[in-house]
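Working notes for the structure below.
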Number of protein chains: 2
Amino acid sequence: MEQVIIKQDKKTLILNTTLRLLSKNGFHGTPISMIAENASIGAGTIYRYFKNKEELINELFIEIKKRIINAMYEGYDETADYETRFRVLWVNMINYYNDNPTEFVFIEQHRYAPYVSTLTRAESNRILSPVLLFFLEGKKNKYIKHLPLYTIIGLIYGPIITMVKLHLDHNKNLTSIQINKAAEACWDAVKCNNK
Amino acid sequence: MEQVIIKQDKKTLILNTTLRLLSKNGFHGTPISMIAENASIGAGTIYRYFKNKEELINELFIEIKKRIINAMYEGYDETADYETRFRVLWVNMINYYNDNPTEFVFIEQHRYAPYVSTLTRAESNRILSPVLLFFLEGKKNKYIKHLPLYTIIGLIYGPIITMVKLHLDHNKNLTSIQINKAAEACWDAVKCNNK
DNA sequence: AATAAAGGAATGAATGTTCATTCCGTCTGC
DNA sequence: GCAGACGGAATGAACATTCATTCCTTTATT
């Protein structure tokens, strides 16, 4: 039993170290040896926990996707009206990215990377599905405009990505005032006018 | 004189081949040897035109940024009203990405890549500056909401990126109806209501 | 005009480096 | 004292880059 716990700890250590280094240096800028050194373990040890480098990344990818979705639903009240729920989700997500830049950079860097497997991408979509359902609900009930799903995602998710990227790149932090104003503008983009 | 022309042609050949391969395989998936083979030239030849692989990428990056900005201003009428000009720019840009997926993928893949130098990024900002001025003009004259510049860019540029990515990833093409509706929604996000 | 010499361009095999991964000797907890 | 965990040197593949050589175009010479 204790072994399992120790194992878990070491695995987590590897994952955390990998996340930190990958976000800074990218996939090919972080050799296994570097991960090992930074985690103060032997290079070979990593292969006790992960079949190879790709699998390590893929596992990390799924792990972080889960954390993001979790964070999004913090304080989410199913019974609230649509716009309120929208804003909770939107603000939670941008806050999470803003507060966890390593995870943001990692997810963005690897979303379309060739070594993120089809399997991982499928799993990642599965994790995302409650959010998609939320959009479909809004369309059906005419809370939001009648637009193709991808357009809606683009209008809502696109600004989050770009805003966080810009601020990261310029070493600035998003303030909650900025975030709330942006959430409002985003809502203006998708809200249904003829309701 | 003829030498110069031949030189240019070969350089262009290398750049085009590199773009095609990089978009498909990414930086580390396309060895110099592969570029050489696909361009039907010797590997060493590439080093006659570019100091090293990084410089090749950097030059390509700037070249493509220029093409994009050029495409944006196609049919742009300086005397038209603000919303009209906004829509021309927006639609031109998303159309360009939609029609030139290799260039889109390349730019997106490399925007934050570590081997894209600070210099390249500065140059790329310089190329972008007319667009920034356009936003400032809109803010000053209250055509668009009073929001921080990065928020505005996020609201306008973010959806373009995300929409194109989604459609590319699912092998679909954006229709002009979709594009125009999205442009409208985007305008709803940033337009000033109390004017 | 024909031929030769020069010089730049192109080549791709050779080199040296950088990794991912493996392997085996050592250590640890029971 | 042994079974599994660990470390890190060893291995070999992949790659960027170099450079001695060849090829081709231009220029000079007769």
Side-chain angles (χ1 to χ4, degrees), chain A residues 1-61 106 109-110 113-117 120, chain B residues 1-61 106 109-110 113-117 120:
Chain A
M1 195 53 188
E2 203 187 335
Q3 278 181 346
V4 173
I5 290 167
I6 288 166
K7 239 184 181 172
Q8 271 300 45
D9 276 350
K10 192 147 281 187
K11 192 170 180 178
T12 305
L13 171 69
I14 294 169
L15 283 172
N16 285 341
T17 308
T18 304
L19 169 63
R20 184 162 48 80
L21 294 173
L22 271 179
S23 293
K24 213 195 309 173
N25 315 313
F27 183 79
H28 295 279
T30 64
I32 292 287
S33 59
M34 188 191 281
I35 298 172
E37 199 179 344
N38 271 271
S40 309
I41 57 174
T45 307
I46 291 173
Y47 288 85
R48 295 200 56 74
Y49 297 93
F50 303 94
K51 209 177 73 213
N52 53 36
K53 197 180 174 185
E54 266 196 44
E55 201 182 273
L56 168 56
I57 310 298
N58 276 274
E59 211 162 302
L60 193 52
F61 192 88
F106 174 81
Q109 255 178 15
H110 295 88
Y115 44 84
V116 167
S117 72
T120 298
Chain B
M1 196 52 188
E2 204 185 335
Q3 280 181 344
V4 173
I5 289 166
I6 288 167
K7 236 182 182 172
Q8 270 302 41
D9 277 347
K10 191 145 281 185
K11 192 169 180 180
T12 306
L13 172 67
I14 294 169
L15 284 171
N16 286 341
T17 308
T18 304
L19 169 63
R20 185 162 47 81
L21 293 173
L22 271 179
S23 293
K24 213 195 311 174
N25 315 313
F27 183 79
H28 294 278
T30 64
I32 291 286
S33 58
M34 189 193 280
I35 298 172
E37 200 178 345
N38 271 270
S40 309
I41 58 173
T45 307
I46 291 172
Y47 288 85
R48 292 198 59 74
Y49 296 93
F50 304 94
K51 207 176 76 212
N52 52 37
K53 198 180 173 185
E54 272 191 31
E55 201 182 272
L56 167 55
I57 310 296
N58 277 273
E59 211 161 299
L60 192 53
F61 191 88
F106 175 81
Q109 256 177 15
H110 295 88
Y115 45 85
V116 168
S117 72
T120 299

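In this text, all values refer to a predicted model and were calculated from it rather than measured experimentally.
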For this session: Identify whether NZ of Lys or CZ of Arg in A/Lys53 sits under 6.0 Å from the centre of the six-membered ring of A/Phe27 and within 45° of that ring's axis.
Result: yes

Problem set entry | Minimum-distance nucleotide (side-chain atoms of B/Thr45 versus C/dT21, C/dT11, D/dC6) | C/dT11

Seminar exercise, completed: Atom OH of B/Tyr49 and atom C1' of C/dG8 are separated, to the nearest Å, by 10 Å

Seminar exercise, completed: Here the distance between atom C1' of C/dA20 and atom CD1 of A/Ile14, to the nearest Å, is 15 Å

Seminar exercise, completed: Side-chain contact check for A/Ala43: nearest option of D/dG8, C/dC19, C/dA10 is D/dG8

For this session: Answer yes or no: does a side-chain N or O of B/Tyr47 lie under 4.0 Å from OP1 or OP2 of D/dC19?
Result: no

Seminar exercise, completed: Between NZ of B/Lys53 and P of C/dT18 the distance, given in whole Å, is 16 Å

Seminar exercise, completed: So OH of A/Tyr49 and CG of A/Leu56: to nearest 0.5 Å the spacing works out to 13.0 Å

Seminar exercise, completed: In whole angstroms, the gap separating C1' of D/dT18 from NZ of B/Lys51 amounts to 15 Å

Problem set entry | From OG1 (B/Thr45) to CG (B/Leu13), nearest 0.5 Å | 10.0 Å

Problem set entry | Residues A/Lys11, A/Glu59: salt bridge by 4.0 Å N-O rule | yes

Seminar exercise, completed: Rounded to whole Å, NZ of A/Lys11 lies from P of D/dA5 at a distance of 13 Å

Exercise. Atom CD1 of A/Ile46 to atom P of C/dC19: distance rounded to whole Å?
Worked result: 14 Å

Exercise. A/Arg48 has an atom CZ; how far is it from atom P of C/dT28, in whole Å?
Worked result: 16 Å

Exercise. Is A/Lys10 near enough to D/dC6 that one of its side-chain N or O atoms lies under 4.0 angstrom from OP1 or OP2?
Worked result: yes

For this session: Write down the distance between CG (B/Leu56) and C1' (D/dA16), rounded to a whole number of angstrom.
Result: 12 Å

For this session: Could you pick out which residue, B/Ile32 or A/Ile41, lies toward the 5' side of DNA chain D when each is mapped onto its nearest nucleotide?
Result: A/Ile41

